Every structure is written in structure tokens, then in C-alpha cells.
Amino acid sequence: SIGMTLFITYLLNIIDYLFTSHWVNLYGIDIEGNPLGRWMYENDLVGIVKIFIVGGLLALIGVCIRLQPKAKWVAYIPLVVYGLIVIYHLAIFFYTKEIL
């Protein structure tokens with residue numbers, strides 16, 4: 001269902017947040033390759049954005065799909081994006097053997 005798709009997307013977002021935060025704590029802000037993400041870490045906004053704003057945007061996508069069911073394909077875009085990001089994190093994890 002679309003609700004489960006959005007929930008899995010949110011969980012992948014949180015996994016991304018945990019991996020990135022761990023590596024930022026270990027190696028410093030320069031490890032964050034995303035300039036927007038780096039700015040959020042520098043301004044202590046990353047937690048708010050990843051937990052509340054991304055969650056709110058995913059909920060908004062769910063509401064929009066409920067109102068316009070033909071747009072359900074939109075839910076798969078952030079799922080694919082966060083899925084690929086988590087695969088990237090896992091690849092780094094297995095390559096470096098860095099414990100989370």
C-alpha cells in the first residue's frame with residue numbers, strides 16, 4: 001500500500017540520518033558530501049529536518065495521493081532515492097568495516 005511505501009521511505013530517511021550523523025561525529029563535517037546536508041549539520045537543523053520536515057512532507061504526499069489516486073507513482077520517487085542512499089551507506093559500511 002502507499003501508506004507502507006511512505007513509512008518505509010521514512011525509515012530509510014532515518015537510517016540515512018543515523019549513518020551520516022555517525023560519520024560526521026567520527027570524521028567531521030567534511031564527510032557530508034551534500035552541501036545542503038552540510039549546512040544543516042553546521043546549523044544544528046539536521047535532526048529537525050530529517051525527523052519532522054521529511055516526515056511531514058511524506059505525510060503530505062500521502063494526503064495528495066489520497067485526493068488524487070492516479071498520482072500514487074509519486075510515492076515511489078523518494079522511496080527509490082532514500083533506498084539508493086541507504087545502499088550507498090551500506091556499501092561504505094561494508095567497505096570500511098566501520099561499526100555504526
Side-chain angles (χ1 to χ4, degrees):
S1 77
I2 294 302
M4 185 56 69
T5 299
L6 294 170
F7 179 72
I8 291 169
T9 302
Y10 183 72
L11 290 179
L12 292 171
N13 163 63
I14 297 301
I15 292 168
D16 169 42
Y17 172 52
L18 294 173
F19 269 107
T20 304
S21 293
H22 176 70
W23 285 321
V24 166
N25 287 334
L26 282 179
Y27 303 111
I29 196 68
D30 290 338
I31 199 78
E32 173 58 82
N34 175 353
L36 182 58
R38 188 176 303 129
W39 179 84
M40 287 187 292
Y41 275 103
E42 289 170 346
N43 292 284
D44 294 324
L45 296 171
V46 71
I48 293 167
V49 170
K50 296 296 274 182
I51 294 169
F52 298 108
I53 295 180
V54 171
L57 291 172
L58 291 171
L60 182 61
I61 289 172
V63 169
C64 291
I65 291 170
R66 184 173 288 259
L67 296 173
Q68 190 61 262
K70 288 183 180 183
K72 66 182 176 183
W73 62 271
V74 172
Y76 296 103
I77 296 171
L79 176 67
V80 169
V81 169
Y82 279 112
L84 291 172
I85 290 170
V86 169
I87 289 170
Y88 173 75
H89 284 310
L90 289 172
I92 292 171
F93 171 77
F94 286 113
Y95 179 74
T96 64
K97 305 294 189 227
E98 180 61 52
I99 297 172
L100 179 62

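Source: prediction; values computed, not measured.
Residues Y76 and I2 have side chains in contact (heavy-atom distance under 4.5 Å, counting atoms from C-beta outward). For the pair L90 and F19, the minimum side-chain heavy-atom distance is below 4.5 Å. Between L79 and L12, some side-chain heavy-atom pair lies under the 4.5 Å cut-off.
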Side-chain polar contacts of residues 46-68 - donor-acceptor pairs under 3.5 angstrom, sequence neighbours left out - could you list them?
{"residue": "K50", "atom": "NZ", "partner": "N13", "partner atom": "OD1", "Å": "2.8"}
{"residue": "K50", "atom": "NZ", "partner": "D16", "partner atom": "OD2", "Å": "2.7"}

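Ring geometry for W23 versus H89: interplanar angle of 30 to 60°, hence tilted.
Hydrophobic cluster of I87: no remaining members, since no ILVMFWY side chain lies below 4.5 Å from it.
Atoms NE2 and CZ, on H22 and F93 in that order, are 8.5 Å from each other to the nearest 0.5 Å.
In this structure, a donor-acceptor pair under 3.5 Å is absent between the side chains of T20 and Y41.
Two different hydrophobic clusters hold L11 and L84 under the rule that ILVMFWY side chains link at heavy-atom gaps under 4.5 Å. Both I92 and V24 are part of a single hydrophobic cluster, where members link through side-chain heavy atoms under 4.5 Å apart. Note on Y82 and V80: separate hydrophobic clusters, where clusters join Ile, Leu, Val, Met, Phe, Trp and Tyr whose side-chain heavy atoms are under 4.5 Å apart, directly or indirectly.
No donor-acceptor pair closer than 3.5 Å links the side chain of N43 to the backbone N or O of L45.
Contact detail for L6 and A75: the closest heavy-atom pair is CD2-CB, 3.9 Å.
T5 meets the side chain to side chain donor-acceptor pair (under 3.5 Å) test with no other residue; sequence neighbours excluded.
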